[in-house]
Amino acid sequence: MRKESREFLEKYLNTASPTGFEYPGQQIWLDYIKPSIDDYISDTYGTVVGIVNPKADYKVVIEAHADEISWFVSYITDDGYIYLKRNGGSDHQIAPSKRVNIHTPKGVVKAVFGWPAIHIRNPQKEETPTMKNIFLDCGCGSKKEVEKLGVHVGCVATFEDEVIMLNNRYFAGRALDNKIGGFVIAEVARALKQSKKKLPFGLYIVNSVQEEIGLRGAEMISRRIKPDLAIVTDVTHDTNAPMYDKKSQGDTKTGAGPVLTYGPAVHNNVLKMLIETANRKKIKFQRDTVARSTGTDTDAFAYSGMGVASALISVPLKYMHTTVEMVHKDDIDSAIKLMYEFLLQVKAGTDFRYIK
Ligand SMILES: [Zn+2]
């Protein structure tokens, strides 16, 4: 990975972008892709779209989601403890003993998820962390003191963990779901610009907000762009890590290439083209299936307007929605290559319908 690319990825990952409050990350992402695009859109709720060939009629989207899971401050007790609601699928099981940043009008306030000592717990019936019993402590003795720091109901909190590298092979940290997708599409745009290849269509590089609470940003922007084709990125589980079940969850692994998903929202003719590209360019990939929807922004694009031919490229990831999500650097490179080579195959006006 290029030094500048890695610096961008680390800065982007370390910048808090909670669902509904994505703009700090979005600004970093837009600044990075600006040299690779002709124009951009930023919509009302913060989705950012880089555009190459904005005048072209045929429109192709490559997409990622920009938001990260977080917590909302929902109740402050009289003695200064803070109870939370989820903003996205935040994991109560990993919370105790973690440090967080509460984002307030007065800046970041540090806090910790406290937890009763092992000494006083009954080993026969230990309580597990739930939304009812986890709480934040920001070092205050009263609600008044908490409020004086700037914390109020409605502030968002994110885990403070920043990205690290393990064995010079894995990025580990929070929000790799799905800022790694934002990185992939940014690097595809950069590679296209560098190659000086002229695309015969309009390319829309979309970094959507609010995926973690129901694909909302993609829903909004798909209606605005009205694309002819959409290739969506997200992350998917490494089911070879401990405690997963391959029989029910499929067999996908970090380091073994991007995952291509079969499911009704994924258009078979687009998927076929992706697989042919991967085979021709000798890019390793894996297969997975979904029952019903993909649960990713693919669904939002596929079912927008009168239906948009869509497919999903997933980067396999360990420990989703924890602060130690892990992504293999080879999978990042392969996802970039697959998307780049695929785009070079797309002809303007391609009609993906099954029956003509
Ligand atoms: Zn997620």
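These figures come from a predicted structure and were not determined experimentally. Order of appearance sets the numbers: ligands from 1, and atoms from 1 within every ligand.
- With a cut-off of 2.8 Å, the Zn ion (ligand 1) has no N, O or S atom of E211 in range.
- The 12-atom threshold is not exceeded at OH of Y45, counting heavy atoms of other residues, nucleotides or ligands nearer than 6.0 Å.
- Distances from the Zn ion (ligand 1) to each N, O or S atom of D177 single out OD2 as the nearest.
- Distance check for H65 against the Zn ion (ligand 1): none of its N/O/S atoms falls below 2.8 Å.
- The NE2 atom of H321 and the OE1 atom of E212 subtend an angle of 90° at the Zn ion (ligand 1), given to the nearest 10 degrees.
- Among the backbone and side-chain atoms of D234, no N/O/S atom is found under 2.8 Å from the Zn ion (ligand 1).
- Figure legend: K197 and Y340 shown without cation-pi pairing, the cationic atom not lying both under 6.0 angstrom from the six-membered ring centre and within 45 degrees of its axis.
- Salt bridge absent: K284 and D330 never bring a charged side-chain N and a carboxylate O closer than 4.0 Å.
- In D57, the CG atom is not crowded: 12 or fewer heavy atoms of neighbouring residues, nucleotides or ligands sit closer than 6.0 Å.
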Would you sort out whether S208 and E63 count as a side chain to side chain donor-acceptor pair (under 3.5 Å), showing the intermediate values? CA-CA 7 Å; S208 297; E63 197 256 11; 2.6 Å; yes
